[in-house]
Protein chains: 2
Amino acid sequence: MAQTQTLSKNQKIILDIIEKAKEPLKAYSILFNVQKKGIKAPLQVYRALAKLIKLGKIHKVESRNAFVACQNSNCEISKATAFSICETCEKVTEISDQKLSKYLKNFHDKTGMIYKKYNLEFYGLCTTCKRS
Amino acid sequence: MAQTQTLSKNQKIILDIIEKAKEPLKAYSILFNVQKKGIKAPLQVYRALAKLIKLGKIHKVESRNAFVACQNSNCEISKATAFSICETCEKVTEISDQKLSKYLKNFHDKTGMIYKKYNLEFYGLCTTCKRS
DNA sequence: TAACAAACGTTATATTATAACACTATGATA
DNA sequence: TATCATAGTGTTATAATATAACGTTTGTTA
Ligand SMILES: [Zn+2]
Ligand SMILES: [Zn+2]
Ligand SMILES: [Zn+2]
Ligand SMILES: [Zn+2]
C-alpha cells in the first residue's frame, strides 16, 4: 500500500489540527495546541510539518510562515501550489485552476532552467473584505 | 520630481550593497556588512528594506527570507514578481516575461477576489547545476 | 533476528523579525 | 517664521521562527 502512506503518531496529530483549522496555522501555535498531547518541542512539530509537506498533505504559505491543509488532491506531492491571500483578513485559499497550473507547468524561461516545482501567491482583497 | 524618489542615507547604503551582490542577501548578512558604515541594529536594516520593497527597488524572495535588487524597472512598485530559484546552488533570477506577467495580472479566481499583487517562485535546476 | 531507515525526545542554539520609546531632519502651510 | 505633519534615525529589549546535535525507539524488510 504505497498509496495510503501511513502517518506516524505525531504526524497524524499535527495533520489533524491543521485540517480542522479554518486559517493557516503557525508552527508555534500548533506547538501550543498539541502540548496536551505530549508534543513538547518545536522540533517535533517542524519534523512532522516537513514530512507532511513532502507528502503533499499540507503546504507552507511562504509569505506568512504558516501552514494549511491541501485543498486539492495532495497537489502531486506539493509540486505546484497557488494561493490567494486576503491582505485584510488574512484568509488563505488554495487555488485549483487547471488552466493556471497547466500554464505554469509548461512555463520555461529563456535560460533553459528545469523547473520542478512552483509556488504562486496572489495578494488582495477577499469578497467579504471588499464589501466592508 | 516624483520619479527620482530620493532615498535616505541608510536606504542608499543598503540598496547599494544589495545591488552589488550576486546572490540574494539575508537581512543579518546585510547588517554585518554595513556595521562599518554605522548601521548597528537589525531594525535599521529592516526599516530600509521595507521602504526599498515598497518602492520596488528590491524584492524579498519569500521562500528564502532573502533580498534581491529588482532586475526589471522597479516592477511597478513590486506588484508583480516572479523568480527562478536553483535548489542546488541557490542562484536566484528575476523572471521578466511579458506573457507570463500579463497572464497572471489578468488571472481571476472563482470567488471574485481582487488581486493587487502576486509573487511566483519556480524551483529547479539551473543550467550550470544541470551539467554537473 | 539482524540490519536499516524513519521517527522520536530532548537540550541547546541559531536565525529572522518586531515592539517601544525618544529624538532628528525635512518640508509643507498658515 | 512658527507650527505642524511626515518620515527617518538610534537604541535596547524581546518576540517569533527554525535548526543542530545527540542518543533512543520503533517499524520494516531480508
Ligand atoms: Zn494542495
Ligand atoms: Zn478578507
Ligand atoms: Zn523586479
Ligand atoms: Zn544551480
Side-chain angles (χ1 to χ4, degrees), chain A residues 1-18 21 23-68 77 87 90 92 119, chain B residues 1-18 21 23-68 77 87 90 92 119:
Chain A
M1 39 168 83
Q3 307 279 59
T4 3
Q5 174 89 30
T6 154
L7 299 177
S8 77
K9 183 181 126 251
N10 288 1
Q11 288 159 13
K12 269 181 215 150
I13 292 172
I14 285 168
L15 176 56
D16 188 57
I17 205 170
I18 295 175
E23 333 73 33
L25 294 182
K26 305 275 206 156
Y28 275 72
S29 122
I30 293 169
L31 175 58
F32 178 80
N33 278 285
V34 295
Q35 275 176 335
K36 48 201 150 198
K37 294 196 176 155
I39 296 178
K40 287 171 191 159
L43 246 199
Q44 297 175 282
V45 173
Y46 280 105
R47 284 198 281 226
L49 289 173
K51 188 60 192 286
L52 292 169
I53 287 170
K54 221 184 233 171
L55 296 173
K57 301 284 186 192
I58 65 170
H59 306 303
K60 180 173 186 181
V61 183
E62 292 290 353
S63 66
R64 298 304 189 256
N65 299 317
F67 304 86
V68 291
I77 325 299
E87 288 180 308
E90 290 296 325
V92 171
N119 178 59
Chain B
M1 38 169 81
Q3 308 278 59
T4 3
Q5 174 89 31
T6 155
L7 298 177
S8 77
K9 184 183 126 251
N10 288 1
Q11 288 158 13
K12 268 181 215 149
I13 293 172
I14 285 169
L15 176 57
D16 188 57
I17 204 170
I18 295 175
E23 334 71 35
L25 294 182
K26 305 274 207 156
Y28 276 73
S29 123
I30 293 170
L31 175 59
F32 178 81
N33 278 286
V34 296
Q35 275 177 336
K36 50 201 150 202
K37 293 194 176 156
I39 296 178
K40 287 171 191 160
L43 248 197
Q44 295 174 285
V45 174
Y46 280 104
R47 285 198 280 227
L49 290 173
K51 187 61 191 282
L52 293 169
I53 287 171
K54 219 183 234 174
L55 296 173
K57 301 284 186 193
I58 65 170
H59 305 302
K60 180 172 186 182
V61 183
E62 293 290 353
S63 65
R64 299 302 190 257
N65 298 317
F67 304 86
V68 291
I77 324 297
E87 288 181 305
E90 291 295 326
V92 171
N119 179 59

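Below, read A as the first sequence line, B as the second, and so on, with proteins coming before strands; counting in each chain starts at 1.
Atom C1' of nucleotide D/dA16 and atom CZ of A/R64 are separated by 16 Å, given to the nearest angstrom. The interatomic distance linking B/Q44 (CD) with C/dT24 (P) rounds to 15 Å, in whole Å. With rounding to whole Å, A/K54 atom NZ is found 12 Å from C/dA7 atom C1'. When the C1' atom of C/dT24 is taken as reference, atom CG of B/N10 falls 13 Å away, rounded to whole Å. Rounded to whole Å, atom C1' of D/dG27 lies 13 Å from atom NZ of A/K12. Rounded to whole angstrom, the span from the CG atom of A/L31 across to the C1' atom of D/dA15 amounts to 15 Å. If you take NZ of A/K26 and P of C/dA17, they are 11 Å apart, rounded to a whole angstrom. Atom-to-atom, CG of A/L15 to C1' of C/dA7 comes out at 16 Å; the value is rounded to the nearest Å.
Dashed line: the shortest gap from a side-chain N or O of B/N65 to OP1 or OP2 of C/dA17 is under 4.0 Å. Here A/K9 does not reach the OP1 or OP2 of D/dG27: none of its side-chain N or O atoms lies under 4.0 Å away. Note on B/K60: a side-chain N or O is less than 4.0 Å away from OP1 or OP2 of C/dA17. The shortest distance between the side-chain N/O atoms of B/Y46 and the OP1/OP2 oxygens of C/dA17 is below 4.0 Å.
Expressed to the nearest 0.5 Å, how far CG of A/N10 lies from CG of A/L52 amounts to 10.0 Å. Separation of atoms CD1 (B/I13) and CD1 (B/I17) is listed at 9.5 Å; rounding is to 0.5 Å. Once rounded to the nearest 0.5 Å, the distance linking NZ of A/K60 with CG of A/L49 reads 9.0 Å. With rounding to the nearest 0.5 Å, the separation of CG in B/L55 from CD in B/Q11 is 7.0 Å.
Taking all atoms of both residues into account, the shortest heavy-atom contact from B/F67 to B/I58 is CD2-CD1, 4.3 Å. Here the shortest heavy-atom pairing between A/A48 and A/I14 reads CB-CD1, 3.7 Å.
The side chain of B/R47 approaches D/dT9 more closely than any other nucleotide in the set D/dT9, D/dA18, D/dA20. Checking D/dG8, C/dA17, C/dT10 against every side-chain atom of B/K51, the shortest atom distance belongs to D/dG8. Considering only side-chain atoms of A/L43, the nucleotide from D/dA18, C/dT11, C/dT16 that sits closest is C/dT11. Closest contact between the side chain of B/P42 and the listed nucleotides C/dT18, D/dT9, D/dT17 involves C/dT18. Residue B/A41 has its side chain nearest to D/dT11 when only D/dT11, D/dT17, C/dT10 are considered. Proximity note for B/S8 (side chain, C-beta onward) versus D/dT11, C/dA17, D/dT9: the nearest is D/dT9.
Using a 4.0 Å heavy-atom criterion, one finds that B/Q11 contacts the sugar-phosphate atoms exclusively.
With hydrogens and angles left out, the side chain of A/Y28 and the base of D/dA15 share no donor-acceptor pair within 3.5 Å.
The terminal axes of the helix from C/dT1-D/dA30 to C/dA30-D/dT1, fitted over 5 pairs per end, subtend an angle of 40° to the nearest 10°.
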- [ ] Go through the steps to decide whether A/K12 and A/D16 satisfy the test side chain to side chain contact (heavy atoms under 4.5 Å, CB included), and finish with yes or no.
- [x] CA-CA 6 Å; A/K12 269 181 215 150; A/D16 188 57; over 6 Å; no

Under 3.5 Å donor-acceptor pairs involving side-chain atoms of residues 25-45 of chain A, not counting sequence neighbours:
residue : atom : partner : partner atom : Å
A/K26   : NZ   : A/R64   : O            : 3.1
A/N33   : ND2  : A/S29   : O            : 2.7
A/Q44   : OE1  : A/K40   : N            : 2.9
A/Q44   : OE1  : A/A41   : N            : 2.9

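Mapping B/G38 and A/A27 onto DNA chain D via the closest heavy atom, the residue that lands nearer the 5' end is B/G38.
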